[in-house]
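Heads up: numbering here begins at 1 and tracks the sequence. Bear in mind that the values here come from a model prediction, so they are computed numbers and not experimental data.
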Amino acid sequence: MTVIESTFGRRMTRATGALELMNDLGEAVAMSGTQPVHMLGGGNPARVPAVEAVYRRRLAEISANDAQFGRFAAAYSAPAGDPGFRAAVAELLEREYGWPLASHNVALTAGSQTAFFALFNLLAGERQGDVPSRILLPLAPEYIGYADLGLTDGLLVSRRARIEESGDGFFKYRVDFDALESIDRVAALCVSRPTNPTGNVLSIDELRRLDAMARDRGVPLIVDAAYGLPFPGLQYAEPECLWNDNVILCLSLSKLGLPATRTGIVIAREEIIEAVTAFNATAALAPASTGPVLVEPLLRTGELLELCRNTIRPYYEGRCREAVDELRAACRDLPLRIHQPEGAFFLWLWFPGLPISNERLYRRLKSRGVFVLSGHHFFPGLDEPWPHAQECLRINYSQPRENVVAGIAIIAEEVRRAFQED
Ligand code: PLP
């Protein structure tokens, strides 16, 4: 017996990849009392002491300043989010990239996950007097968190990426533009750049082609830069990014080391910002101001971008190189391919011919205290079977080094066992 009987209730409580991922974070903590746990799942960023020192300093400043403390904790912000922070974001983007932005082009949300929930359902779905429209994800694999956001079925449509192998154990996904042409009922395009789970960074040419395709269809292009430019700047390839009045750029404070502040940032033309603002007012009254008040002066003085360039990015690049070396050494007798790690803090592993499904491998690893994400979750909107989707795993290499090294050793053992059992 359940009282959760509404269509909305059932939709929001079904078993989803995102729920499994977030539950794993809790389970890992519980398991760690009885056995060693190696957390290579989830999307938590690293705790970098030099970065946290800056946030701790800001907290002391806020606590000593009555006006800042008032904004931080004691008042609802405007439904679009803290005005000072929104202006600081617009100024930073104008300064860095020359984009003509003002605070009316910026709205905040409770994490960027909430922005995608709002945007997908504001733009696509059932329409009066017409067939339902959809969000086109131009290439799968794509971010697990998009998968179950639709308030109606069939909200997402995607196509397989083209696989380009470079012969050195790395491969790269590319957009298959021909496959996108015949897709109809598209209300918006959406890509994560850098991509979670793969660490892919779409080239600026690919992005411009998607932008042109969106304009031709008269729909917006959503670019999810949760890991990208200008902050946290975990974009190791392709230094360029894109905004124009047809682009909805989504940023976040999470991967700067502040996921608990739940701060998402939407940069778009006014019509879109007004819709997100109305959604905030209806669903939550206002977004949180803790993250915005903490970070605003760091945006204005340039300290945040310096921190990104000189501390955060080099930290993750170093961790990435180590994880690739560890994996290659641990899997030297196995058919391992790694997606070119061009951004974010994940490695996407492909074991061609893996004799068991990645979901089974995920469960075997979990029973040994190693949390990863099974790749099959990362193909939202793909309605055709693709064996490749059962052969991939995502690991997060941002957690303490000894955990990552021990986790990789167990992954290699379990993959070897799977091939030996075959
Ligand atoms: N977009 C991508 C690609 C992500 O990986 C995540 C979280 O991991 C999000 C958006 C949502 O992040 P948040 O809601 O913490 O801003």
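- Comment: Arg57 engages Glu303 in a salt bridge, judged by a side-chain N to carboxylate O separation of less than 4.0 angstrom.
- For the side chain to side chain donor-acceptor pair (under 3.5 Å) test, residues two or more places apart in sequence or in another chain that qualify with Ser192 are Glu142.
- Under the salt bridge (charged side-chain N to carboxylate O under 4.0 Å, His left out) criterion, the residue pairs touching residues 181-201 are Arg134-Asp184, with sequence neighbours excluded.
- Look at Asp148 and Arg11 and you find no salt bridge, because none of the NZ, NE, NH1 or NH2 atoms lies under 4.0 Å from a carboxylate O.
- Residue pairs meeting the salt bridge (charged side-chain N to carboxylate O under 4.0 Å, His left out) criterion with at least one partner in residues 366-377, sequence neighbours excluded, are Asp24-Lys366, Glu27-Lys366, Arg368-Glu413, Arg368-Glu414.
- Shown here are the salt bridge (Lys or Arg N to Asp or Glu O under 4.0 Å) partners of Asp224, two or more places apart in sequence or in another chain: there are none.
- For Asp205 and Ser203, the side-chain atoms include no donor-acceptor pair closer than 3.5 Å.
- One finds a salt bridge joining Arg313 and Glu317 here, because a Lys/Arg side-chain nitrogen approaches an Asp/Glu carboxylate oxygen to under 4.0 Å.
- Partners of Arg159 by side chain to side chain donor-acceptor pair (under 3.5 Å), not counting sequence neighbours: none found.
- Residues passing the salt bridge (Lys or Arg N to Asp or Glu O under 4.0 Å) test with Arg309, sequence neighbours excluded: Glu96.
- Looking at residues two or more places apart in sequence or on another chain, you find no side chain to side chain donor-acceptor pair (under 3.5 Å) involving Arg209.
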Full working for ring-ring contact (aromatic ring centres under 6.0 Å, His included) between Tyr316 and Tyr227: CA-CA 11 Å; Tyr316 283 105; Tyr227 302 85; 8.9 Å; no

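- Taking Arg269 as the reference, Glu271 meet the salt bridge (Lys or Arg N to Asp or Glu O under 4.0 Å) condition, with sequence neighbours excluded.
- Residues in residues 113-127 take part in these salt bridge (charged side-chain N to carboxylate O under 4.0 Å, His left out) pairs, two or more places apart or across chains: Arg127-Asp130.
- Counting only residues at least two apart or on different chains, the salt bridge (charged side-chain N to carboxylate O under 4.0 Å, His left out) pairs with a member in residues 381-390 are Arg160-Glu384.
- With sequence neighbours left out, Ser289 forms a side chain to side chain donor-acceptor pair (under 3.5 Å) with no residue at all.
- Counting only distance, with no hydrogens or angles, the side chain of Gln113 and the backbone of Gly145 share a donor-acceptor pair below 3.5 Å.
- Counting only residues at least two apart or in different chains, ring-ring contact (aromatic ring centres under 6.0 Å, His included) contacts with residues 39-79 are absent.
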